[in-house]
4 protein chains.
Amino acid sequence: MAALEAARDLLVELGYEALSIEAIATRAGIGKQTIYRWWRSKAAIIVEAVLEGIIDPPGSVIIDTGHLRADLERWLDSVVAALARPGGEALLRALAVAGASDPAATRALTEGLSGAEQEALLNRLRAGRQAGQIRADVDLKTTADTLTGAVVVTVLSRAPLTTERARKVLDVVLNGIESKPTDLTGSDRGLDSHPDARL
Amino acid sequence: MAALEAARDLLVELGYEALSIEAIATRAGIGKQTIYRWWRSKAAIIVEAVLEGIIDPPGSVIIDTGHLRADLERWLDSVVAALARPGGEALLRALAVAGASDPAATRALTEGLSGAEQEALLNRLRAGRQAGQIRADVDLKTTADTLTGAVVVTVLSRAPLTTERARKVLDVVLNGIESKPTDLTGSDRGLDSHPDARL
Amino acid sequence: MAALEAARDLLVELGYEALSIEAIATRAGIGKQTIYRWWRSKAAIIVEAVLEGIIDPPGSVIIDTGHLRADLERWLDSVVAALARPGGEALLRALAVAGASDPAATRALTEGLSGAEQEALLNRLRAGRQAGQIRADVDLKTTADTLTGAVVVTVLSRAPLTTERARKVLDVVLNGIESKPTDLTGSDRGLDSHPDARL
Amino acid sequence: MAALEAARDLLVELGYEALSIEAIATRAGIGKQTIYRWWRSKAAIIVEAVLEGIIDPPGSVIIDTGHLRADLERWLDSVVAALARPGGEALLRALAVAGASDPAATRALTEGLSGAEQEALLNRLRAGRQAGQIRADVDLKTTADTLTGAVVVTVLSRAPLTTERARKVLDVVLNGIESKPTDLTGSDRGLDSHPDARL
DNA sequence: ATATAAGCGAGACGGTACGTCCAGTCTTGGT
DNA sequence: ACCAAGACTGGACGTACCGTCTCGCTTATAT
């Protein structure tokens, strides 16, 4: 649909707030009414553009090599890379605003976008649990949300989202922060052969 | 300032997007120009109202009883309670939108609001580290962001933020998700030497 | 058009300067943009209202009974009567201001309004010339302007425009002021040869 | 007063409508309140500037050489010249608008400006009547108003005010337009040795 | 093959809010 | 004590969009 492509272009040029339905219609060379016939709001247009892949979302890659930490690192790296593309962070912010403004958009996004993205992440975590890499009593949904939450907050607060930061987040989520007084041998520390894991 | 109180009231009544500077001026019984003289944007008004305490942010209580987990539970409970107040979640969403719309607002919020809130949280974490309750190599800033991030995404995605959910988040962050003490054989550790583990 | 009627009413109530486009739109129950779509300025609205007859201009009646002086007297009387109507003088002043403010309005008024009004007057004068009642070398356009000019200045200077005053103007224009028939000696004519008489 | 000079400058630069009291105060380097202390309105400022000679009015010269027509021609020429100066016509229009907007300004102008200007013209006409050059029953005030009225209307209608036009006006007012059937000898025509009198 | 209708572009419409300018009043601080 | 400086409420400016509403002009079916 020309409207979605026009919306994408204008979103990049102007940002979400300055984006107007009128401008989308004009740019797309279609009537305003046609837009209203298909979408309820500005947020709905952007959401659909994302879900339809016209705006390519800050996609990420989740694979399963059997090594949980490595896979999650790879995933976080791909997220960082996706957001580092021009307009990547702006798009995530736009989606956040669209979601905050419109409950329907929120639902569509969490079901659609996260339905692809988060589900893949969850699957990897489930596999990790089955492989005994993840404690059985951990809530995997919470884990996924915690990981993405750290990313979202970083972007919303306009802090630079670097690979290092991603590593630190991963370290917290994988290892927790509590010191284990019962495990002074550092049995699992030795296994952590990544000296830069918490740079 | 009457403007800030009017902004607060209208924010609760209408939400951030529907909030207009004209309405704030009318409600406050002041001239529109006066608002423009003091604030650059709608976001700036809300930010100042929050920082000045006219809008009381979803504030929280952080105390130090020496028991880290209990203190963090108490803190998260207070956050949940604050957001459960009428307009609490809407306010957080409004702040997120304000921050996403206006870089200056982002900075002011992260420095001001988190400067009080997050700093207190960080202090508690530092105390915990000194007390040996937190691993020395953990990045405390990341920890704080991860905790708040989980809260923020939950609210932004309009999922119910319950005490249970808060407990689960805390469990992940405190304990991590990796199973360790029961798995001293390092069954999956062999993979750790994958050369591409941190690509 | 509702806008023109609203403009007319408000012009009478408030006067030209206090008249606002916003008030016209509100009174007419139309959007402000609609007004801007059709007219460039406040002056243009008033001008069109006059030309369309929504505001009926201080119209006058010019007939041809063959008796020049009587016809002009009748015309002037009708002008006086028209201006004596409530808002009549105010309207003329408003038109003067509109014309003074906006060159386009000036043109429209002189071509449109005077195009009807002045043309009729000119026609009567032409008929008078053909009938030998008016000197052949008199510039009729100048004559018409002189008559209306006397009326306009009177109104602009807020002097009472009475039938008596109209009669006096007519006397000047019809007869001239120079005493002639009784002064055939040309007592002051000797000066006529002054070389600088028309510097 | 600096305010009057600032008003004059801004009047030339911007025109009457675009002239603002705020701009006058700023330009004059004085407080707005000071202006309101001395003048009631924008019109009042302009009027006083004219009356005080800060804005020099389209002044004219009326002399008495004994030759009525020549003197009036000379006067009209000086009026034409004054209005031909840059901003001359604009000033007259501004005064017309000021007068139309503000009754007090009208009075001040007609008493002040015309008190100098018109009085001199009236005096010349009175002298002409005493010399028998003007019919005894002519209303001299009306005559003066008719002459100035023709000038004012010409300027307001944005028609070019030329010497030729002034001559034609003078011809009408001096000679009248009616042909004199009882004076076929053309006694007074011969005296009119100005072949270009009605160009 | 022609009539009917459905979808579309275009854009006018009544509105709301924008951000700016100025009116006219009031307060403050320096001379 | 005055006055420049300028903040204040109020209100109009002219613009941008909103979401609704006709308009004609395609196309595309259904008679």
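Here the structure is a predicted model, which is why all the values come from computation and not from measurement.
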Starting at [atom1] of [X] and ending at [atom2] of [N], how long is that distance when rounded to a whole Å?
| X | N | atom1 | atom2 | answer |
| --- | --- | --- | --- | --- |
| A:I24 | E:dA10 | CD1 | P | 16 Å |
| C:E22 | E:dA17 | CD | C1' | 11 Å |
| C:L14 | F:dG11 | CG | C1' | 14 Å |
| C:L19 | F:dC13 | CG | P | 8 Å |
| A:I21 | E:dG11 | CD1 | C1' | 16 Å |

Give me the atom names and distance for the closest heavy-atom approach of [X] to [Y].
| X | Y | value |
| --- | --- | --- |
| A:V97 | B:E17 | CG1-OE2, 3.9 Å |
| C:T154 | C:S157 | O-OG, 3.1 Å |
| C:T106 | D:L156 | CG2-O, 3.3 Å |
| B:A100 | A:R158 | O-NH2, 3.4 Å |
| B:A3 | B:I24 | O-CG2, 3.6 Å |
| B:D102 | B:A104 | OD1-N, 2.9 Å |

- Message: For DNA chain E, please output the secondary structure as dot-bracket, reading 5' to 3'. Pairs are Watson-Crick or G-U wobble, both atom distances under 3.5 Å; mark crossing pairs with [ ], other-strand partners with |, unpaired with a dot.
- Response: |||||||||||||||||||||||||||||||
- Identify, with sequence neighbours excluded, every residue that meets side chain to side chain contact (heavy atoms under 4.5 Å, CB included) alongside C:E89.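 Scan of C:E89 (side chain to side chain contact (heavy atoms under 4.5 Å, CB included), adjacent residues dropped) gives C:L83, C:R93, C:V155, C:L161.
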- Task: Check every atom of E:dA23, E:dC18, F:dC18 against the side chain of A:S20 and return the nucleotide holding the closest atom.
- Result: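 Minimum distance to the A:S20 side chain belongs to F:dC18.
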- Query: Which ones in residues 28-49 of chain C lie close to DNA chain F, meaning a heavy atom under 4.0 Å from one of its atoms?
  - Reply: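 Per residue number, the list reads C:K32, C:Q33, C:Y36.
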- Taking C-beta and beyond as the side chain, do C:L95 and C:Y16 meet within less than 4.5 Å on heavy atoms?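 Result no, sub-4.5 Å side-chain heavy-atom pair not found.
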